[in-house]
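Report on one structure; see the data block that follows.
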Amino acid sequence: MVEIRLTNSKTRKKEVFAPIDPDNVRMYVCGPTVYDRAHLGNARPVVVFDVLNRLLRHVYGENHVTYVRNFTDVDDKINKTAQDRKEAGAPGTLEELIAERTDETIGWYHADMDALGTLRPDHEPRATAFIPQMVAMIEGLIAKGHAYAAEGHVLFRVRSYEAYGALSGRSVDDMIAGARVEVAPYKEDPMDFVLWKPSSDDLPGWDSPWGRGRPGWHIECSAMADDLLGAEFDIHGGGIDLQFPHHENEIAQSCCAHDGGGFARVWLHNEMLQVEGKKMSKSLGNFFTVRDLLDQGVPGEVIRFVFLGTHYRKPMDWTEKKRAEAEATLRKWRKMLKGVESSKLPSVAPNSVLEALADDMNTPLAISRLHQLAANGEKEELLASLLVLGFGSEWEDGVYEAVSAIFGLKTFETALSEAREAAMETKDFSKVDALKSALVAAGVEVRMSKSGVELVPGPGFDASKLEGLL
């Protein structure tokens with residue numbers, strides 16, 4: 001069995017991964033707050049932990065991994081989007097509009113992440129479905145002296161957990177001095193954080209021993225992880241921006257709820273994303289969603305390939321150059337692997353690729369080894385490796401689609417072929433010429449021969465320029 005080593009954020013060391021139960025390797029990853037489209041930075045942890053999920057299943061067996069990623073569907077931002085819709089005249093109660101918005105956003109999220117080639121987790125719990133578990137955990141923390149009720153709120157006593165700060169490597173006093181914390185008269189200590197808070201009659205809320213209210217963000221993940229994975233499990237992941245305070249607070253409340261239980265044994269954090277060397281932000285004009293890229297004609301597998309070209313623990317820079325290079329590489333490999341059948345694939349990926357992935361998910365090294373396999377003409381080994389990395393599932397069994405179909409150009413191939421056939425009869429090629437000119441202007445290479453029409457998107461392909469042509 002391949003030995004997996006992972007860099008544990010809590011110990012700051014690369015460690016040999018030894019699951020609590022090899023027959024049920026358990027992983028929890030913090031998911032999105034579902035109020036809007038996922039931006040490119042939101043997608044990075046999804047791809048990172050999809051690779052780990054695939055690796056774990058490859059090593060321990062498809063049915064021996066339980067992967068949980070949640071949806072936070074109760075939040076002020078969700079409430080605001082629903083309130084804005086109501087004020088704009090949308091029919092329905094605020095509660096109905098909130099449900100409509102969260103359902104819509106989860107649908108978008110699934111479609112966008114599916115396009116990146118990521119597998120759906122085994123469980124995708126919604127926070128609102130686990131309110132009883134959250135209330136029960138909060139009651140237990142109060143009973144043990146780790147939490148207290150005050151003015152309709154329930155707060156966690158941070159200083160009751162001596163190990164608080166171990167994940168982020170800071171003491172409580174340092175955190176108070178260097179961080180902005182909410183000062184409220186009902187707090188015993190500035191660092192105490194909310195487990196439950198009051199909710200007004202016009203906003204989502206649930207009955208509780210402390211009055212009508214809703215949970216704090218941190219308790220949500222602790223309760224869902226506990227219910228679906230148990231008091232102690234193998235891996236907890238997310239973006240580095242969640243390390244403090246979210247993950248620090250999860251550890252404190254979960255360990256106190258279970259009398260010092262270990263909660264997650266291994267913590268993994270991916271670094272942040274930039275665009276052309278700058279932090280992604282709306283003010284800089286470089287903020288875009290996954291759907292923005294997909295609608296521009298950038299295939300999901302290209303986005304995925306660019307992501308995996310940088311190690312997950314290093315900041316990732318999305319650039320137009322990287323996109324073009326990834327697109328060219330995948331196009332070349334698609335052509336190379338045309339007709340390769342799954343029956344000819346090795347049962348496991350080559351050791352050189354697996355060893356790279358097992359070494360703290362070193363995807364850049366794995367990709368360099370894919371290039372070596374391609375250079376050596378090892379087609380079956382290349383495809384087997386691509387499958388482990390989440391690429392190429394549609395390249396198997398000879399069901400190879402022309403490159404044009406991958407980029408959404410199949411309909412244009414058909415239209416151009418039909419126009420060409422008609423022009424051969426009428427001798428009027430104006431429609432053919434106009435369609436060909438539009439395709440070329442959009443960055444498409446038009447190849448016409450006696451055998452038919454083939455459209456190949458070039459590095460500067462812009463699908464938006466083709467809208468409305470047919």
Side-chain angles (χ1 to χ4, degrees), residues 8-10 26-35 38 42 44-46 48-49 52-53 66-78 102 105-106 109 113 120-141 146-147 154-156 158 161 163-168 192-197 204 206 208 213-258 261-270:
N8 190 343
S9 299
K10 194 168 185 178
R26 288 163 289 165
M27 177 169 69
Y28 186 97
V29 174
C30 289
T33 299
V34 287
Y35 67 95
N42 298 143
R44 192 183 188 195
V46 180
V48 165
F49 291 102
L52 181 56
N53 179 38
T66 303
Y67 176 23
V68 177
R69 186 182 66 223
N70 73 292
F71 288 117
T72 294
D73 60 346
V74 52
D75 182 84
D76 289 336
K77 291 180 179 178
I78 298 172
T102 55
T105 307
I106 288 173
Y109 187 83
M113 297 308 114
R120 301 273 181 96
D122 300 287
H123 301 281
E124 294 183 288
R126 296 191 186 198
T128 52
F130 287 77
I131 300 297
Q133 292 90 329
M134 297 173 201
V135 170
M137 183 173 278
I138 294 170
E139 287 181 310
L141 289 169
H146 293 293
V154 180
L155 297 109
F156 182 85
V158 166
Y161 180 58
Y164 192 86
L167 183 67
S168 54
D192 293 349
F193 59 86
V194 172
L195 300 174
W196 189 265
K197 55 188 173 183
W206 292 263
S208 79
R214 57 192 175 98
W217 175 35
H218 313 301
I219 197 69
E220 295 174 12
C221 286
S222 286
M224 287 185 280
D226 178 53
D227 189 85
L228 295 170
L229 298 177
E232 189 170 20
F233 54 94
D234 298 296
I235 299 169
H236 195 312
I240 191 66
D241 56 315
L242 299 180
Q243 187 179 56
F244 180 83
H246 186 51
H247 290 164
E248 197 78 73
N249 291 351
E250 276 190 72
I251 292 172
Q253 62 202 9
S254 295
C255 289
C256 290
H258 296 290
F263 194 42
R265 286 193 173 183
V266 179
W267 285 84
L268 301 177
H269 293 95
N270 64 273

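Positions are given from 1 along the sequence.
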Next item on the list: Taking ring-ring contact (aromatic ring centres under 6.0 Å, His included) as the test, write out the residues that go with H218, two or more places apart.
Entry: F193, H246
Next item on the list: Enter the distance from M134:CE to I219:CD1 here, rounded to the nearest 0.5 Å.
Entry: 8.0 Å
Check: Pairs in or reaching into residues 122-141: which pass salt bridge (Lys or Arg N to Asp or Glu O under 4.0 Å), with residues at least two apart or in two chains?
Finding: R57-D122, R69-E124, D103-R126
Check: Could you state the interatomic distance from CG (L228) to CZ (R26), rounded to the nearest 0.5 Å?
Finding: 11.5 Å
Checklist line | With A129 via side chain to side chain contact (heavy atoms under 4.5 Å, CB included) - residues at least two apart | finding: none
Margin query: Using the salt bridge (Lys or Arg N to Asp or Glu O under 4.0 Å) criterion, which residues pair with R44? Sequence neighbours excluded.
Written below: none
Notebook entry, point to check: Can you name the residues that form a ring-ring contact (aromatic ring centres under 6.0 Å, His included) with F49, not counting sequence neighbours?
Noted result: none
Item checked: Side chain proximity check, F263 to D226, heavy atoms < 4.5 angstrom -> no
Note to self: Can you list everything that forms a side chain to side chain donor-acceptor pair (under 3.5 Å) with T66? Sequence neighbours excluded, please.
What the structure shows: N24
Next item on the list: Taking the side chain as every heavy atom from C-beta outward, state whether F233 and V68 have any pair of such atoms under 4.5 Å apart.
Entry: no
Checklist line | Pairing residues for H269 by the side chain to side chain donor-acceptor pair (under 3.5 Å) criterion, not counting sequence neighbours | finding: S9, H247
Check: Less than 4.5 Å apart, any side-chain heavy atom of Y28 and any of M224?
Finding: yes
Margin query: If I compare all heavy atoms of V74 with all of E220, which pair ends up nearest, and what's the gap?
Written below: CG1-OE2, 3.5 Å
Next item on the list: Look up atom CH2 in W267 and atom NE2 in H236, then write down how far apart they are to the nearest 0.5 Å.
Entry: 4.0 Å
Next item on the list: Could I get the full list of ring-ring contact (aromatic ring centres under 6.0 Å, His included) partners for F71, not counting sequence neighbours?
Entry: Y109, H110
Next item on the list: Could you tell me whether the side chain of P32 reaches within less than 4.5 Å of the side chain of T72, counting heavy atoms only?
Entry: no
Notebook entry, point to check: With sequence neighbours left out, what residues match S222 under side chain to side chain donor-acceptor pair (under 3.5 Å)?
Noted result: Q253, S254
Next item on the list: For a side-chain hydrogen bond (donor to acceptor under 3.5 Å, both in side chains) with D73, tell me which candidate from T128, T102, T33 qualifies.
Entry: T128
Check: About how many Å separate CG of N249 and SG of C221, when rounded to the nearest 0.5 Å?
Finding: 11.0 Å
Margin query: Please list all pairs meeting salt bridge (Lys or Arg N to Asp or Glu O under 4.0 Å) that have one or both residues in residues 233-245, counting only residues at least two apart or in different chains.
Written below: none
Check: With a 4.5 Å heavy-atom cut-off, do L268 and L52 have their side chains touching?
Finding: yes
Next item on the list: Could you tell me which residues satisfy side chain to side chain contact (heavy atoms under 4.5 Å, CB included) with R265, sequence neighbours excluded, listed by chain and number?
Entry: I20, E232
Notebook entry, point to check: Considering residues at least two apart in sequence or located in another chain, which fulfil the side chain to side chain donor-acceptor pair (under 3.5 Å) criterion with D75?
Noted result: none
Item checked: Any donor-acceptor N/O pair, N70 side chain to P125 backbone, under 3.5 Å -> no
